[in-house]
Amino acid sequence: GCVAWLFEPQGVISARAEGQEPDDLALIAIEVGAEDVQISDGVLEITADPKNLEELRRALEASKAHIISSEDLMQPKTSVALDEKGALQSLRLLDRLESLDDVQRVFFNADIPDEVMEKFEG
């Protein structure tokens with residue numbers, strides 16, 4: 001909890017527009033209280049206040065959208081760019097933290113370059 005001030009709670013829903021226009025679903029989401037809607041390849045990434053997440057999910061389901069995921073996240077307010085060495089150390093630490101039985105979720109604010117992610121995963 002000592003670094004909680006670096007993050008803000010946010011609800012995120014990923015939904016697929018099946019049989020209708022993604023823009024129509026985006027308008028429905030905005031009417032219900034979505035803060036932001038991004039559309040990519042027919043998939044909507046909707047962000048909202050976590051308090052409105054369930055109401056938003058129900059409205060999308062009633063509109064025949066296929067909900068891919070719906071979750072509460074802690075979004076970083078700022079991010080920290082890491083060099084390759086720092087990024088690899090951070091990724092190893094995250095991997096160890098996530099493997100602990102008592103740890104349910106880990107959020108971090110590091111900006112890790114794609115080539116370092118590929119190197120770590122490989």
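Values reported hereafter were calculated over all heavy atoms of this structure, with side chains retained and with hydrogens, waters and symmetry mates removed.
- Judged by distance alone, the side chain of D49 and the main-chain N or O of K51 form a donor-acceptor pair under 3.5 Å.
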Working for side chain to side chain donor-acceptor pair (under 3.5 Å), residues T47 and E35: CA-CA 6 Å; T47 57; E35 294 174 0; 5.0 Å; no

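- Between G42 and P22, the shortest heavy-atom contact is CA-CG, 4.2 Å.
- Under a cut-off of 6.0 angstrom, the local environment of NZ in K85 is sparse, with at most 12 non-hydrogen atoms contributed by other residues, nucleotides or ligands.
- In the hydrophobic clustering of this structure, V43 does not group with V37; members are Ile, Leu, Val, Met, Phe, Trp, Tyr whose side-chain heavy atoms approach within less than 4.5 Å, directly or through other members.
- Taking 4.5 Å as the limit, some side-chain heavy atom of P9 sits within range of a side-chain heavy atom of M74.
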For side-chain contact (heavy atoms from CB on, under 4.5 Å), just list the numbers for I46 and D36, CA-CA rounded to whole Å, side-chain angles, deciding distance to a tenth of an Å, and then say yes or no. CA-CA 6 Å; I46 304 162; D36 188 33; over 6 Å; no

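- The cluster map of Ile, Leu, Val, Met, Phe, Trp and Tyr, joined by side-chain heavy atoms under 4.5 Å apart, puts L6 and L97 in different clusters.
- Atom CG of residue L82 and atom CZ of residue F108 lie 8.5 Å apart, to the nearest 0.5 angstrom.
- Transitive grouping of hydrophobic side chains (ILVMFWY, heavy atoms separated by less than 4.5 Å) keeps V80 and F107 in distinct clusters.
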Given D95 and F120, is the side-chain contact (heavy atoms from CB on, under 4.5 Å) satisfied, shown in steps? CA-CA 11 Å; D95 195 39; F120 179 75; 4.2 Å; yes

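- Formation of a donor-acceptor pair under 3.5 Å by the K64 side chain with backbone atoms of E18 is not found in this model.
- Within a 6.0 Å sphere centred on CD of Q104, heavy atoms belonging to other residues, nucleotides or ligands number 12 at most.
- With contacts defined as side-chain heavy-atom distances shorter than 4.5 Å, the pair L25/S63 qualifies.
- Remark: K119 engages E84 in a salt bridge, criterion side-chain N to carboxylate O under 4.0 Å.
- Remark: D111 CG to S90 OG distance equals 11.5 Å, nearest 0.5 Å.
- Counting non-hydrogen atoms of neighbouring residues, nucleotides and ligands closer than 6.0 angstrom, the CD atom of E54 exceeds 12 such neighbours.
- Proximity of E45 to V12: side-chain heavy atoms (C-beta onward) are separated by under 4.5 Å at one or more points.
- Listed here is the closest heavy atom pair of A48 and G33: CB-O, 4.2 Å.
- Between D72 and Q10, every side-chain heavy-atom pair lies at or beyond the 4.5 Å cut-off.
- Remark: S99 OG to D101 CG distance equals 8.5 Å, nearest 0.5 Å.
- Residue D114 places its CG atom among 12 or fewer non-hydrogen atoms of other residues, nucleotides or ligands, all under 6.0 Å distant.
- Heavy atoms only, all atoms of each residue included: A15 and A65 are closest at CB-CB, 4.4 Å.
- In the hydrophobic cluster analysis, where Ile, Leu, Val, Met, Phe, Trp and Tyr join through side-chain heavy atoms closer than 4.5 angstrom, L73 is grouped together with W5.
- Under a 4.0 Å N-O distance rule, the pair R105/E71 qualifies as a salt bridge.
- To the nearest 0.5 Å, atoms OG (S70) and CG (L60) are separated by 9.0 Å.
- At least one side-chain heavy atom of L91 sits less than 4.5 Å from a side-chain heavy atom of I112.
- Annotation: the span from R16 atom CZ to H66 atom NE2 amounts to 7.0 Å, rounded to 0.5 Å.
- When atom types are taken as modelled, the side chain of E118 and the backbone of P113 share no donor-acceptor pair closer than 3.5 angstrom.
- Hydrophobic clustering keeps I68 apart from L56 (ILVMFWY residues linked when any side-chain heavy atoms are closer than 4.5 Å, directly or through intermediates).
- Under 4.0 Å is where a charged nitrogen must lie from a carboxylate oxygen, and between E61 and R58 no such pair does.
- Atom CD1 of I39 and atom CG of D23 lie 4.5 Å apart (nearest 0.5 Å).
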